[in-house]
Asker: 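Quick one: the structure is below, and I'll ask about it shortly.
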There are 2 protein chains.
Amino acid sequence: MGRPTIADIAREAGVSKGAVSFALNGRPGVSEATRERILRVAEAMQWRPHSAARALGGARAGAVGLVLARPARTLGVEPFFGQLLSGLQAVLSANQVALQLLVVESTEAEIEVHRRWASEHRVDGFVLVDLQVRDPRIAVLEELGVPSVVLGGPGRHGRLPSVWADDREAMLSIVDYLAALGHRRIAHLAGLPAFQHTQRRIRALRDSARRHGLEAVSVPTDFSDAEGAAATRALLARPERPTAIVYDSDVMAVAGLGVAAEMGVSVPGGLSVVSFDDSVLTRIVHPALTALSRDTFALGEQVARSLLALIDDPSAAEDLRTPTPRLTVRESTGRPLGTVG
Amino acid sequence: MGRPTIADIAREAGVSKGAVSFALNGRPGVSEATRERILRVAEAMQWRPHSAARALGGARAGAVGLVLARPARTLGVEPFFGQLLSGLQAVLSANQVALQLLVVESTEAEIEVHRRWASEHRVDGFVLVDLQVRDPRIAVLEELGVPSVVLGGPGRHGRLPSVWADDREAMLSIVDYLAALGHRRIAHLAGLPAFQHTQRRIRALRDSARRHGLEAVSVPTDFSDAEGAAATRALLARPERPTAIVYDSDVMAVAGLGVAAEMGVSVPGGLSVVSFDDSVLTRIVHPALTALSRDTFALGEQVARSLLALIDDPSAAEDLRTPTPRLTVRESTGRPLGTVG
DNA sequence: ACCTCGCGCTAGACCGGTTTAGCAAAGAAC
DNA sequence: GTTCTTTGCTAAACCGGTCTAGCGCGAGGT
């Protein structure tokens, strides 16, 4: 005999299938004595639910989906996703919910997967990341009616609830700090312009620079180390080069650090470097990078909690703001040369 | 009406459920004309299979499992896993197979998840990584009878097929290269001693050093940047310090580079640095690191292909050797100071 | 004594597919 | 012309759960 089914347990315990189902799911319909007897039998026979059979009865699939639209080979460069995944898992697995992960090449493919998984009843909900400026995924997920949580905000995300951190405030704190050190020309190596958070950071920098009365420029990139390095090279080659550069990702920041070394620009003497993302990367390089620290693991946990709550009660959609990232000052920032303390 | 079922299609096309099933799965039992009519109707109604219903009939679950036993917060530090995941996905998703991912804290928990997923019929097979010296997971998976592929070898892995690269050969090529440059004292910052590949690399270094008649020492670590840095500091503080260090991971290598800078040891003049793993990390630091390059993405693809083949035909278990990693020389290695070319 | 209620349980429909047994009609073999 | 095969299809069982309708029974109310 293969795996025991509830029918086997029912026979063994001398009750009906229905009674077994009630007992195993802790719902009324059987007496306490019978319930215990059934549980003992189930335990003895090492019974486990068959997830497909459960999902078939219109119930939960017991899994949530995360689809990443990125070029296939670039995943794993960003420590961010590893951290996020770990956080998601910590909460999901505690609730016996599995995570279905898929990496695809484009947003169109991602939407197609959303449709497929939803209609195949493979998942109970989705996590949406990399929110774009006019994100086509929002409407599709709303139409599909699958509970979904957006990571990012507070921009437009339709009726889907989001979990977000205030990166505008974060950018302001960076500029305040650099201005206080005496920097007057700040560059910003931004990420993909299509992302909402890229736009928010660019705007925040512009506003803040105006208030402080200093020069600031944002250069969009594709988040890759190659573009980060190339853009840094271009900036440092200008006659009036910036005394500080803010990088939107730690990979670009490290690449920038390499370029500075290559061009003989000392850090932080000749150039201050700030990373908008913190990870082990920022600590293992030399000099260690000043960076915005946020608890990505905790962020993942929060997203998972929000999604599970939404699945339990689809009417309870609610945005949730997480703590604003704090600036961790390390060795890569200082007063620009020529400034007297 | 909700999602269309094959019953709806059958009614619409004027045939029975069975005929629809035959037609949609491309198997004999219906005429070509009927098949096309059914396919057109299914297309028009936007029918999608209900994965749970399929899995229930004793058929495939349409998913494979990957369980990682690591401290929750450390995932994402190693670019290796991102690459591996991408490779796995590329093949799996082309075959409409999903990947169930879970990160757990210990090997015991990992085994428990294997048991649960297998008995819940959630997955059709498993990918096993981080092969240990006497790995308790092997026996469990063999007992469960779930198709599984081991990443790593050629050590003991029972009757489970494995996909592996020859890291013994790889280590030999590193030592040959360093010896040719004139190095006579080589250190090796190894990974966790419990891993099979750690042991193989340590043995390979010892054997090779003996043949070349040079001094070599392996220091075990936990793969973390912290231990990598600490061990490097200890090595460089010795009176007779090594002129070259081989790091088992790129994260440790970068951390070691930082320590060298901090202690005023020039690279590659005072110290040559080699990383056993290649990723964007080794290229963005300065100096760029000489490293063993293997195509981790392709490795993931191969593992996925092997697993799918094994699921299709469980008797076809076969080990598969992938190309030996090749040494990519960059700027972090050179002749030791005091050596005349 | 009768009706009502709630409890504890059973029987069986149901979810959406796959698969098998079987049937009618047409074609082939003798 | 009868028998055997093959083709194309249908009906229904089946997978392993969930869930609803309903039944027998003892307790409580009148």
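Sequence lines set the chain letters: A, B, ... in the order given, protein chains first and strands last, and positions in each chain run from 1.
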Asker: Name all residues meeting the ring pair (Phe, Tyr, Trp, His ring centres under 6.0 Å) criterion together with A:Phe195; count only those two or more places apart in sequence or in a different chain, and write none if there are none.
Answerer: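 Ring pair (Phe, Tyr, Trp, His ring centres under 6.0 Å) list for A:Phe195, sorted by chain: A:His197.
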Asker: Output all residues satisfying side-chain contact (heavy atoms from CB on, under 4.5 Å) with B:Ala7, sequence neighbours left out; order by chain, then residue number.
Answerer: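 side-chain contact (heavy atoms from CB on, under 4.5 Å) check on B:Ala7 returns B:Thr5, B:Lys17.
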Asker: Starting from P on D:dA12, measure out to CD1 on B:Ile6 and report it in whole angstrom.
Answerer: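 Distance, rounded to whole Å: 16 Å.
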Asker: NE2 of A:His121 versus P of D:dG17: gap in Å, rounded?
Answerer: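 In whole Å, D:dG17 P and A:His121 NE2 are 17 Å from each other.
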Asker: Describe the nucleic acid contact of B:Val20 in one word from base, sugar-phosphate, nothing, applying a heavy-atom distance below 4.0 Å.
Answerer: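 Nothing, no heavy atom under 4.0 Å.
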Asker: Can you tell me if the side-chain N/O atoms of B:Thr34 get under 4.0 Å from OP1 or OP2 in D:dG8?
Answerer: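 Looking at the OP1 and OP2 atoms of D:dG8, neither is under 4.0 Å from any side-chain N or O of B:Thr34.
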Asker: Holding to side-chain contact (heavy atoms from CB on, under 4.5 Å), I want the full list of residues that pass it with A:Asn25, two or more places apart in sequence or in another chain.
Answerer: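 Testing A:Asn25 for side-chain contact (heavy atoms from CB on, under 4.5 Å), a comparison that skips the adjacent residues, returns A:Ser21, A:Arg27, A:Arg54.
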Asker: Closest to the A:His50 side chain: D:dT18, D:dG16, C:dG16?
Answerer: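 Of the options given, the side chain of A:His50 lies nearest D:dG16.
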Asker: Look at the side-chain N and O atoms of A:Trp47 and state whether any lies under 4.0 Å from the OP1 or OP2 oxygen of D:dG17.
Answerer: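 Yes, because at least one side-chain N or O of A:Trp47 sits under 4.0 Å from OP1 or OP2 of D:dG17.
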Asker: Picking from D:dC9, D:dT18, C:dG17, which would you name as closest to the side chain of A:Ser21?
Answerer: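 Ranking D:dC9, D:dT18, C:dG17 by closest atom to the A:Ser21 side chain puts D:dT18 first.
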Asker: Round to the nearest Å and state the distance from A:Leu56 atom CG to C:dG17 atom P.
Answerer: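 Spelled out: CG on A:Leu56 to P on C:dG17 is 9 Å.
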Asker: Rounded to whole Å, how long is the line connecting atom CZ of B:Arg11 with atom P of C:dG17?
Answerer: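 Whole-Å distance recorded here is 13 Å.
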Asker: For A:Arg37 and C:dC9, give me the distance from atom CZ to atom P, rounded to whole Å.
Answerer: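 So the CZ-P distance, A:Arg37 to C:dC9, works out to 8 Å.
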Asker: Provide a list of protein-nucleic acid N or O atom pairs under 3.5 angstrom, restricted to nucleotides 20-28 of chain D.
Answerer:
none

Asker: Determine which pairs satisfy ring-ring contact (aromatic ring centres under 6.0 Å, His included) with at least one residue from residues 24-49 of chain A, sequence neighbours left out, and list them in order.
Answerer: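 Output for this query is empty, none listed.
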Asker: Of the residues in residues 23-33 of chain A, which ones touch DNA chain C at a heavy-atom distance under 4.0 Å?
Answerer: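 Close to the strand are A:Gly29, A:Val30, A:Ser31.
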Asker: Residues two or more places apart in sequence or in another chain: which of them pass side-chain contact (heavy atoms from CB on, under 4.5 Å) with A:Arg159?
Answerer: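 Applying side-chain contact (heavy atoms from CB on, under 4.5 Å) to A:Arg159 gives A:Glu142.
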Asker: Sequence neighbours left out, what passes side-chain hydrogen bond (donor to acceptor under 3.5 Å, both in side chains) with B:Ser16? Give chain and number order.
Answerer: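 In terms of side-chain hydrogen bond (donor to acceptor under 3.5 Å, both in side chains), with neighbours along the sequence ignored, B:Ser16 is linked to no residue.
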Asker: For the helix from C:dA1-D:dT30 to C:dC30-D:dG1, how many degrees between its two end axes (five pairs per end), to the nearest 10°?
Answerer: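 One end axis against the other gives 50°.
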Asker: Kindly write out the residues that satisfy side-chain contact (heavy atoms from CB on, under 4.5 Å) with B:Arg37, not counting sequence neighbours, or none if the list is empty.
Answerer: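 For B:Arg37 the side-chain contact (heavy atoms from CB on, under 4.5 Å) partners, ignoring immediate neighbours, are B:Ala13, B:Val15, B:Thr34, B:Arg40.
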Asker: Measure the acute angle between the ring planes of A:Phe126 and A:Trp117, then classify it against the limits of 30° and 60° as parallel, tilted or perpendicular.
Answerer: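 Ring orientation, 0 to 90° scale: parallel.
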Asker: With hydrogens left out and only the distance checked, is there a donor-acceptor pair under 3.5 Å joining A:Lys17's side chain and the base of D:dG17?
Answerer: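 Checked by distance alone, the answer is yes.
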Asker: Please examine the side chains of A:Leu128 and A:Leu151, heavy atoms only from C-beta on, and report whether any two atoms are closer than 4.5 Å.
Answerer: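 SC-SC contact between A:Leu151 and A:Leu128 ruled out.
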Asker: Please state how far atom CD in B:Glu36 lies from atom P in D:dC9, giving the value in whole angstrom units.
Answerer: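 Result: 13 Å.
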Asker: Answer whether the closest heavy-atom distance between the side chains of B:Val64 and B:Leu88 falls below 4.5 Å.
Answerer: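 SC-SC contact between B:Val64 and B:Leu88 ruled out.
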Asker: Looking only at side-chain N and O atoms, does B:Ser16 come under 4.0 Å of OP1 or OP2 in D:dT10?
Answerer: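 The answer is yes; a side-chain N or O of B:Ser16 sits under 4.0 Å from OP1 or OP2.
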Asker: Restricting to salt bridge (Lys or Arg N to Asp or Glu O under 4.0 Å), what partner residues turn up for B:Arg305, sequence neighbours left out?
Answerer: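 With neighbours one apart ignored, the set is empty.
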Asker: Base, sugar-phosphate alone, or nothing: which one does B:Arg35 contact when heavy atoms must sit under 4.0 Å apart?
Answerer: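 Answer is nothing: B:Arg35 stays at 4.0 Å or more from every strand.
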Asker: Less than 4.0 angstrom between a side-chain N/O of B:Arg54 and OP1 or OP2 of C:dG16, yes or no?
Answerer: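 Looking at the OP1 and OP2 atoms of C:dG16, neither is under 4.0 Å from any side-chain N or O of B:Arg54.
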Asker: Please list every donor-acceptor pair under 3.5 Å in which a side-chain atom of residues 92-103 of chain B meets a protein atom from a residue at least two apart or in another chain.
Answerer:
unit_1	atom_1	unit_2	atom_2	d
B:Ser93	OG	B:Gln89	O	2.8
B:Asn95	ND2	B:Val91	O	2.8
B:Gln96	OE1	A:Arg116	NH1	3.4

